[in-house]
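Down below is the structure, laid out as structure tokens.
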2 protein chains.
Amino acid sequence: MSDDETLPRLGEIGLTNFAPYLMNRIMGRYNAGFRDEMAALGLTTPKARVLASLAVVDGPVIRDLAVYTVTEQSTLSRALDQLATEGLVRREADPQDSRATRIFITDAGRAAFDSLWPHMVEAERNLFRGIPDKDRRAFVATLQQMLANIRKHEF
Amino acid sequence: MSDDETLPRLGEIGLTNFAPYLMNRIMGRYNAGFRDEMAALGLTTPKARVLASLAVVDGPVIRDLAVYTVTEQSTLSRALDQLATEGLVRREADPQDSRATRIFITDAGRAAFDSLWPHMVEAERNLFRGIPDKDRRAFVATLQQMLANIRKHEF
DNA sequence: CAATGATATTTGCAAATGCATGTAAATCTG
DNA sequence: CAGATTTACATGCATTTGCAAATATCATTG
């Protein structure tokens with residue numbers, strides 16, 4: 001990891017060989033892909049991410065939810081305000097730690113997510129269109145390794 | 001591609017097996033990783049992306065730049081206002097089409113990007129830490145295929 | 001070539017975002 | 001166990017965002 005070596009310039013690599021660029025661009029379009037469906041449900045990206053996360057881990061404290069949803073704490077706090085007002089999630093004081101709040105999804109929240117999920121799956125399938133299953137599995141494995149490389153939390 | 005089949009539920013797949021989730025989370029942290037360095041240069045994400053793109057293709061029309069930078073037209077328009085005011089880019093009317101504006105990077109803009117680039121490379125290397133070169137190449141190839149699958153533009 | 005429609009970019013405005021800070025509760029430390 | 005730190009969450013405020021509409025130019029068509 002010594003770095004006397006000269007860095008390649010971006011112009012030489014080319015944008016489309018620089019993985020982070022590709023990932024940003026792909027995710028930009030992926031996320032935009034069901035913005036209409038989200039809007040129809042009154043959801044923004046952070047709100048949708050909350051519902052998606054709660055579909056997997058219900059009842060996390062907010063700070064963990066911020067990690068799952070890749071959202072700023074303050075943004076998340078306000079997203080939760082809205083979701084709670086709309087009756088899609090429920091805040092519940094943690095009995096162990098009265099600073100903490102745990103978030104639970106409601107039936108209405110689950111229903112909202114259920115109507116969004118097929119679009120997410122469809123978009124994901126479209127992403128992998130024409131990519132052999134073997135490559136796809138290797139790709140996901142690499143993603144998991146990457147997440148392990150950079151995450152600052154134990155999950 | 002018939003779809004009578006029942007969709008797997010997200011809870012069953014698990015967040016960390018759903019590629020888009022992993023990609024969003026990884027890029028969230030990657031992008032946050034040099035937010036400080038950007039801030040020191042007075043750059044936001046869209047502004048940095050403009051400079052990065054111009055390091056590769058100088059003089060694009062704005063609508064193409066919006067594709068490269070994965071940025072809303074209106075957001076880009078204002079990012080360009082700032083960059084131009086700061087002297088990092090230059091707007092120049094397209095001689096063929098007087099509706100269009102072409103964007104060029106200035107020496108100062110190049111210098112700003114050059115001071116950011118090492119951090120981007122370092123963050124990228126960190127992402128791929130411990131991932132064999134072979135896997136890395138396969139990963140990038142898959143990304144390129146994915147981009148081809150979803151892009152709506154010819155580049 | 002006038003009229004209609006498409007394209008390129010900017011801008012108005014309401015909403016979302018994020019940083020810094022506030023408040024409250026838990027934890028640590030001497 | 002009092003005081004100092006840290007942690008959890010919410011909020012004030014300035015900035016950024018993005019949708020929709022405005023403006024200006026180009027392209028097409030009858």
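Both backbone and side-chain heavy atoms feed into the values below; hydrogens, waters and symmetry mates do not. Source: prediction; values computed, not measured. A note on names: the letters A, B, ... follow the listed sequences, proteins ahead of strands, and every chain is numbered from 1.
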- Give a yes or no answer on whether the side chain of K47(A) reaches the backbone of M38(A) with a donor-acceptor pair at less than 3.5 Å. no
- Aromatic ring proximity, centroids under 6.0 angstrom, Y68(B) and Y21(A): no
- Hey, is the main chain of N149(A) close enough, under 3.5 Å, to the side chain of R129(B) for a donor-acceptor pair? yes
- Item | Where chain B begins and ends its contact with DNA chain D, read 5' to 3' at 4.0 Å from heavy atoms | dT16(D) to dC26(D)
- Item | Nearest-0.5 Å distance, CG of residue L143(B) to OG1 of residue T16(A) | 11.0 Å
- Who are the salt bridge (Lys or Arg N to Asp or Glu O under 4.0 Å) partners of E37(B), not counting sequence neighbours? none
- Between D81(A) and A100(A), who's closer to the 5' end of DNA chain D by nearest nucleotide? A100(A)
- Query: Taking protein heavy atoms under 4.0 Å as touching, what does nucleotides 16-28 of chain C look like 5' to 3' if B marks base contact, S marks sugar-phosphate-only contact and - marks none?
  - Reply: SBBB-----BS--
- Query: Is there any side-chain hydrogen bond (donor to acceptor under 3.5 Å, both in side chains) pair reaching into residues 105-115 of chain A, and which pairs are they, with sequence neighbours excluded?
  - Reply: D114(A)-R9(B)
- Message: Looking at E122(A), I'd like to know if its CD atom is crowded, meaning that more than 12 non-hydrogen atoms belonging to other residues, nucleotides or ligands lie closer than 6.0 Å.
- Response: no
- Task: Establish, yes or no, whether a centroid distance under 6.0 Å links the rings of W117(B) and F34(B).
- Result: no
- Going by number, which of residues 51-66 of chain A have a non-hydrogen atom under 4.0 Å from DNA chain C? none
- Task: Check L51(A) against G109(A) and note the closest heavy-atom contact, atom names and distance.
- Result: CD1-O, 4.0 Å
- Using a heavy-atom cut-off of under 4.0 Å over every strand shown, decide if T101(A) touches base, sugar-phosphate, or nothing. sugar-phosphate
- Query: Under 4.0 angstrom, heavy atoms only, what part of the nucleic acid is R102(B) near: base, sugar-phosphate, or nothing?
  - Reply: nothing
- Can you check side chain to side chain contact (heavy atoms under 4.5 Å, CB included) on T142(B) and I131(A), steps first, answer last? CA-CA 7 Å; T142(B) 298; I131(A) 293 170; 3.7 Å; yes
- Task: For N17(B) and I13(B), indicate whether the former's side chain and the latter's backbone hold a donor-acceptor pair under 3.5 Å.
- Result: yes
- For a side-chain contact (heavy atoms from CB on, under 4.5 Å) with L80(A), tell me which candidate from T85(A), I103(A), L88(A) qualifies. I103(A)
- Query: What is the bend of the helix from dC1(C)-dG30(D) to dG30(C)-dC1(D) when you compare the axis at one end with the axis at the other, using five pairs each and rounding to 10°?
  - Reply: 30°
- Query: In terms of heavy-atom contacts, does CD of E86(A) have more than 12 from other residues, nucleotides or ligands at under 6.0 Å?
  - Reply: yes
